[in-house]
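For this chain, numbers begin at 1 and follow the sequence in order.
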Amino acid sequence: MDAKRIKKILSTASPPNLRNYTSSSSFTWEKSLAELDGLPEEKGINIAHEAVDRHVLRGKGSDIALRFIDKAERITEFSFQQLKDASNQFANVLKTLGIKKEERVFGLTNRTPELYITALGAWKNRNVFCPLFSAFGPEPIKARMLIGSAKVLITTAELYRKKILKIRAALPELQHVILIGQQKLEEDFKDTLNFQDLLASASTDFTIEPTKPETMALLHFTSGTTGTPKGAIHVHQAVVAHYITGKIALDFHPTDIFWCTADPGWVTGTSYGIISPLTNGITSIVDEADFDAQRWYRILEMEKISVWYTAPTAIRMMMKMGTELVRQHRLPQLRFIASVGEPLNPEAVYWGMEAFNLPIHDNWWQTETGGIMIANYISMDIKPGSMGRPLPGIEAAIVKRLPNDKLQIIHEAGVKGELALKAGWPSMFRGYLHEEERYKKCFLEDYYLTGDLATCDEEGYFWFVGRADDIIKSSGHLIGPFEVESALMEHPAVAEAAVIGKPDPVALETVKAFIALNQGFQASEALKLEIIGFARKHLGAAIAPKEIDFLDSLPKTRSGKIMRRLLKARELGFPEGDTSTLETSL
């Protein structure tokens, strides 16, 4: 195998949608929009109409849209007609409850049919769908629902009792909690509604009202290095990018069976677990259970998956188990594998060839970009370790910020700088909710500054270097240090806290905390375990630190800012860099 590139491997079943990357210069977003229908009578564009209703109008109502596999491996299917009816019913529920245009509907549940019906019904009623990861603890949930001014929450009885009941009084704008499944008449559930009962009493007829392209549709939360989580706003026009990136970057064809393993609580699980496959009219597999290699290989075989979109963390976990397990399964339909969430190391690309006889195609994008921006396409050679090349219609550059707040575009191959994108694509975020200044700082001249450091080689392939800030990437999750530190500070023993991302061979990074204790507390292993347990209870296992070190004091600048950079350098044995602003030393 070529150590520098893997030659393109094309399916013999159908030619790629993007047949030649170099001939994509005729691409325009206007042409992509023209492939969609728009609302009848030129009343705008609505994500749910493009994802579901238009397929019914085109005579494809009996085609399977979603196939759900629950934890016990029982299967529930929804045709496009059934999905249209169910989402119409939920749209009517929201309308009857008085939920108005652009008011926020939050979803907190596992990957169940109700969550997908909620998203589509909310878009039909022109509400904003706000997905939450079900592994979040009460505090991250409360922070996001307060920022989003949550009006409706759809969740389960178990999650409501564990995570919502204790914080509901702190959510004054939350008008309705709708629980999935049947609940006993218990005191805990006296102020809730039942999802199935509401749907059963609602009509399957619903007319989507005029929806302007810039109508808010999605609110995805992403953590910052300081301050509260950021609510990235996306609009209905984003559906153009969701549709075309599925067609070009993931090479969707009408007969494909697609599996995106991401949870809708993260942007990938919404953009490519719900919108993109539905708008392309293909069948999507949704698995409720958590990662299990044997189960995943079984699903790939039994469901005849042809296009598979997953995360590097899962791939690395599979790699650790070797190729013997995968070779127990016949996967003749599988023709394209893609990965997103964090950089895919070259070894994983090569392992894909060994295990599946297919390379794994890395791609890059962010919550703020709304959709895939840079990718390794099926019709293009892969350089293992590279992010790939920009999507047609996307202008990417490596830039340097000059002292006069001007940008210098770096044209020299291999020179490190910040990755920037020329603003204006349909799924570009339109703001951070309630934080206009924070949003403005993301742009300079005509470019969106991604905060990622990268290089570009002589053939136009981009290579990820690292984050320009302190964001921690763990198992595909973006974790803001401030949020973790704030939760740690609530423990009575903790005087100060700082967290960093520590390299991990499976999760990419794990969260490590440095803690200075209050007087009267002694450092011990028992106290470490107690604080870790406390953090897991408040933040959830996905965000809480895995490791703690106790320090007498934390390094700070003279202005009082904790120097995470210095902590990380000392932890990993890196050069400490400029310490001229350091107030104290470890």
Side-chain angles (χ1 to χ4, degrees), residues 11 13-14 51 63-80 83 110-113 115-116 119 131 242-243 245-247 249-318 325-326 329-341 344 348 352 355-363 371-372 375-376 378 475-476:
S11 168
S14 52
D63 290 0
I64 300 301
L66 296 170
R67 183 177 296 128
F68 293 91
I69 306 172
D70 72 8
K71 292 180 180 179
E73 299 196 29
R74 295 169 299 209
I75 292 176
T76 303
E77 292 185 337
F78 279 80
S79 67
F80 281 99
L83 203 54
N110 295 330
R111 293 178 292 275
T112 62
L115 183 63
Y116 295 70
H242 296 147
Y243 162 74
T245 52
K247 184 175 180 179
L250 301 179
D251 198 48
F252 287 158
H253 285 71
T255 58
D256 276 325
I257 297 178
F258 173 63
W259 186 21
C260 172
T261 63
D263 189 285
W266 306 109
V267 66
T268 301
T270 303
S271 295
Y272 295 96
I274 303 178
I275 304 172
S276 186
L278 288 177
T279 54
N280 278 275
I282 62 176
T283 299
S284 265
I285 304 301
V286 180
D287 181 29
E288 182 185 14
D290 294 331
F291 172 81
D292 176 84
Q294 292 191 19
R295 180 183 175 105
W296 277 30
Y297 288 137
R298 191 161 60 248
I299 290 174
L300 287 168
E301 180 178 26
M302 297 299 294
E303 299 302 327
K304 298 179 171 58
I305 306 296
S306 55
V307 180
W308 181 28
Y309 198 23
T310 190
T313 302
I315 293 168
R316 287 192 290 269
M317 293 173 72
M318 289 178 159
L325 185 60
V326 66
H329 299 268
R330 295 187 67 254
L331 308 172
Q333 288 82 14
L334 187 62
R335 65 177 187 83
F336 189 77
I337 308 172
S339 168
V340 74
L344 189 67
F356 303 100
N357 199 32
L358 292 169
I360 301 173
H361 297 72
D362 198 11
N363 57 61
I372 297 168
N376 288 276
I378 195 170
S475 298

Can you find a heavy atom in the side chain of [X] that is under 4.5 Å from one in the side chain of [Y]?
X      : Y      : result
Leu325 : Met318 : no
Glu73  : Met302 : no
Thr76  : Asp70  : no
Phe291 : Thr313 : no
Arg67  : Trp259 : no
Leu66  : Pro113 : no
Leu334 : His329 : no

Can you name the closest pair of heavy atoms from [X] and [Y] and give their distance?
X      : Y      : answer
Ala51  : Phe80  : O-CE2, 3.5 Å
Ala314 : Trp296 : CB-CZ3, 3.6 Å
Gly246 : Tyr272 : N-CE2, 4.2 Å
Asn110 : Leu115 : O-CD2, 3.8 Å

When you measure from the side chain of [X] to the backbone N and O of [Y], does any donor-acceptor pair fall under 3.5 Å?
X      : Y      : value
Asn280 : Tyr243 : yes
Ser271 : Thr268 : no
Asn363 : Val340 : no
Asp256 : Phe258 : no
Gln333 : Ser306 : no
Arg111 : Asp287 : yes

Decide yes or no on ring-ring contact (aromatic ring centres under 6.0 Å, His included) for Phe68 and Tyr116, but give the supporting numbers first. CA-CA 11 Å; Phe68 293 91; Tyr116 295 70; 5.2 Å; yes

Would you find more than 12 non-hydrogen atoms of other residues, nucleotides or ligands less than 6.0 Å from Asp292 atom CG?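 More than 12 within 6.0 Å, yes.
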
Count the heavy atoms of every other residue, nucleotide or ligand shown that sit under 6.0 Å from CD of Glu77, and state whether that count exceeds 12. yes

Stepwise side chain to side chain contact (heavy atoms under 4.5 Å, CB included) check, Leu331 with Trp308: CA-CA 12 Å; Leu331 308 172; Trp308 181 28; over 6 Å; no

Please report the C-alpha distance between Ile275 and Thr270 in whole Å, then the side-chain angles of each, then the deciding distance to 0.1 Å, and finally whether the side chain to side chain contact (heavy atoms under 4.5 Å, CB included) criterion is met. CA-CA 6 Å; Ile275 304 172; Thr270 303; 4.3 Å; yes

Where do Val307 and Asp251 land on the side chain to side chain contact (heavy atoms under 4.5 Å, CB included) test, with the steps shown first? CA-CA 8 Å; Val307 180; Asp251 198 48; 6.0 Å; no

Stepwise, does the side chain to side chain contact (heavy atoms under 4.5 Å, CB included) test hold for Glu303 with Thr283? CA-CA 10 Å; Glu303 299 302 327; Thr283 299; over 6 Å; no

Gap between atom CZ of Arg74 and atom CD1 of Ile69 - 0.5 Å precision: 12.5 Å

